[in-house]
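Order of the sequence lines fixes the chain letters, A, B, ..., with proteins taken first and strands second; residue numbering starts at 1 for each chain. All of these numbers come straight from a predicted model, not from anything done at the bench.
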2 protein chains.
Amino acid sequence: MHELATYIKLFFPVAEDELAAIAGQFRPLEFAKGDYFLKQGRYCDRLAFITSGLIRLYREVDGKEVTQWISSKGYFVTDLASFVFQTPGRWNIQALTDCTLYSIDRTAYQNLNQTIPKWQELDKLFVAKCFVMLEERIFSHLHMTAEERYHRLLADSPELFNQVPLQYLASMIGMTPETLSRLRSKQLKG
Amino acid sequence: MHELATYIKLFFPVAEDELAAIAGQFRPLEFAKGDYFLKQGRYCDRLAFITSGLIRLYREVDGKEVTQWISSKGYFVTDLASFVFQTPGRWNIQALTDCTLYSIDRTAYQNLNQTIPKWQELDKLFVAKCFVMLEERIFSHLHMTAEERYHRLLADSPELFNQVPLQYLASMIGMTPETLSRLRSKQLKG
DNA sequence: ATAACTTCTTGATTTTTATCAAGCGCACGC
DNA sequence: GCGTGCGCTTGATAAAAATCAAGAAGTTAT
C-alpha cells in the first residue's frame with residue numbers, strides 16, 4: 001500500500017491522515033499474464049494503480065488489434081469514460097505480464113470524493129496531468145514522422161523495448177511492425 | 001452569462017444557487033480577430049468559455065505553425081498545463097474571428113474550488129470528458145488514413161470548412177494543405 | 001482600379017510508409 | 001528431439017502522402 005502513498009506524496013502534498021484514508025480504500029489485486037482487467041463493451045467499475053507489471057489498452061478495428069497505450073509501474077489504469085460516465089468500455093485492458101495492483105471500485109471512489117476534499121483536488125490534478133500528456137501525444141502525430149516518433153518512444157521509455165512485443169509498440173506509435181523493424185535496423189547500421 | 005449556466009446544466013445537474021455562484025465568477029471578455037488569448041512561453045492565468053467566435057491553438061515547430069485544435073461556441077479554452085500547474089504556456093491561442101467569452105482568472109477559479117464543492121466535481125468531469133475526446137483523437141491517428149480523418153472531421157464539424165482557413169484544418173488532422181485539397185476535389189468528383 | 005497578398009488548387013516528382021510474401025530464430029508442447 | 005507457432009526481419013512492390021513549383025481566385029490595402 002505504501003507505494004501508492006509514496007507516489008501520491010511525490011505528486012502533490014497531502015496530510016498523512018488523509019493519505020492513509022485514501023490509500024486504505026485501495027485493495028491489493030493480482031493479475032496473471034494474459035488476464036483481462038476489462039473487456040471492450042463491458043462496464044469498467046474500478047480504477048487501479050500499478051505497482052508492478054505491464055498492462056496494455058487496445059481495441060479491435062477491422063479484425064486488427066490497435067494498441068492505444070501500455071501502462072507500467074506508477075500509472076493508474078482504467079477506462080476513464082466507462083469508470084466516470086458509466087458508458088460501455090471502449091478498450092480491452094489486458095495484463096502483458098503478471099501484475100500487482102491496488103484497486104478501488106466506483107462506490108469507494110465516490111465515497112472518497114465526498115469524505116476527503118483533498119482527494120477531489122488530487123483526482124482532478126491526476127486527470128489534468130494525463131490530459132496534458134495526451135495533448136502532447138496528439139501533437140507528435142501532427143508534425144512528427146514515424147521515425148521521429150520511434151526515437152521519442154525509445155528516449156522516453158527504453159525499457160518497453162525489452163519487455164513488450166514490438167508489434168504492440170509499433171501500433172502504439174502509429175506504424176506497422178515492418179516499419180518499426182526497419183527503423184530499428186537503420187539505427188543499428190547508421 | 002446565462003449561456004454558460006445553460007451549458008453547465010446540460011452537462012451536469014447543479015442547483016440554481018450554485019450555478020449562479022459559479023457563473024457569477026466569470027467575466028465577459030471580448031477578442032478581435034487576430035488577438036492573442038495566450039502567447040507561447042507566457043503563463044496562462046485564465047480559463048474562458050466561448051459564446052461566439054473561433055479560437056485556434058497552435059505551436060511553431062521548425063518555423064511552421066502546427067494547429068492543435070480549433071475551439072468554438074460551447075468550448076472552454078485555456079492552456080491547461082499552464083493554468084493548473086503554473087508552467088510556461090505551450091500554445092499560442094489566437095482568435096480566428098471576433099469572439100465573445102466569459103473568463104475566470106486563477107484566483108477566482110481556486111476560490112470556486114474551495115467555496116463550491118459541486119464545482120470541484122463539475123470541473124473534474126469537464127476535464128475527464130476532454131481527456132476521453134483526446135484518447136479518441138489519438139486512436140484515430142493510430143489506425144485511420146488521412147482520407148478517413150478528413151471524412152470524420154467533415155462529419156463532426158462541417159461548419160469549420162466554411163469558417164476556417166483550410167490549411168489550419170489540414171494541420172489539425174495531420175496532413176499538408178495539398179493533401180487536404182486533393183481529398184476535397186476527390187470527393188467532389190467521386 | 002490596381003498592385004500585392006493570401007489562400008487554395010493542380011501537376012510532377014520524391015519520399016515515406018503500407019502491403020504482400022517469404023524466411024529465420026526461438027520458445028513451447030507433445 | 002522435433003514439429004508448430006509466434007515474433008521479428010527482410011525484400012519487392014504498391015499506395016499514400018509530402019514536397020516543390022506554378023498558377024488561379026479571391027481579399028486587402030493603397
Could you tell me how far apart A:Tyr150 (OH) and D:dT9 (P) are, to the nearest whole angstrom? 9 Å

SB check B:Asp98 B:Lys33 (cutoff 4.0 Å): no

Interatomic distance where CE belongs to B:Met175 and P belongs to C:dT17 [whole Å]: 15 Å

Which residue lies more 5' along DNA chain C, comparing B:Arg182 with B:Leu166 via nearest heavy atoms: B:Leu166

To the nearest Å, how far apart are B:His151 NE2 and D:dA16 P? 12 Å

Check whether any side-chain N or O of A:Ser157 sits under 3.5 Å from a backbone N or O of A:Leu160 as a donor-acceptor pair, and report yes or no. no

Phosphate contact (C:dT17 OP1 or OP2) by A:Thr176 side-chain N/O below 4.0 Å: no

In whole angstrom, what separates A:Leu160's CG from D:dG7's P? 17 Å

How close or far is atom C1' of C:dT19 from atom CG of A:Asp62, stated in whole angstroms? 15 Å

D:dA17 C1' sits how many Å from B:His141 NE2, rounded? 14 Å

5'-most contact on DNA chain D: B:Glu178 or B:Leu183, nearest heavy atom basis? B:Leu183

Nearest-Å distance, CG (B:Leu96) to P (C:dT7)? 11 Å

What nucleotide among D:dC8, D:dT19, C:dT9 has an atom nearest to a side-chain atom of B:Lys64? D:dT19

Please confirm whether the shortest side-chain N or O distance from A:Thr179 to OP1 or OP2 of C:dA18 is below 4.0 Å. yes

Using whole Å, what does the distance between atom P of nucleotide C:dT10 and atom CG of B:Leu180 come to? 12 Å

Give a yes or no on this: more than 12 heavy atoms of other residues, nucleotides or ligands lie within 6.0 Å of atom CZ of A:Arg59. yes

Salt bridge flag under 4.0 Å for residues A:Glu65 and A:Arg56: yes

Would you say A:Ser82 and A:Thr87 are linked by a side-chain donor-acceptor pair, where the criterion is simply a distance under 3.5 Å? no

With no angle test and no hydrogens, is the base of D:dC6 tied to the side chain of A:Gln167 by a donor-acceptor pair under 3.5 Å? no

So, OP1 or OP2 of D:dT10: does either fall under 4.0 Å of a side-chain N or O from A:Ser185? yes

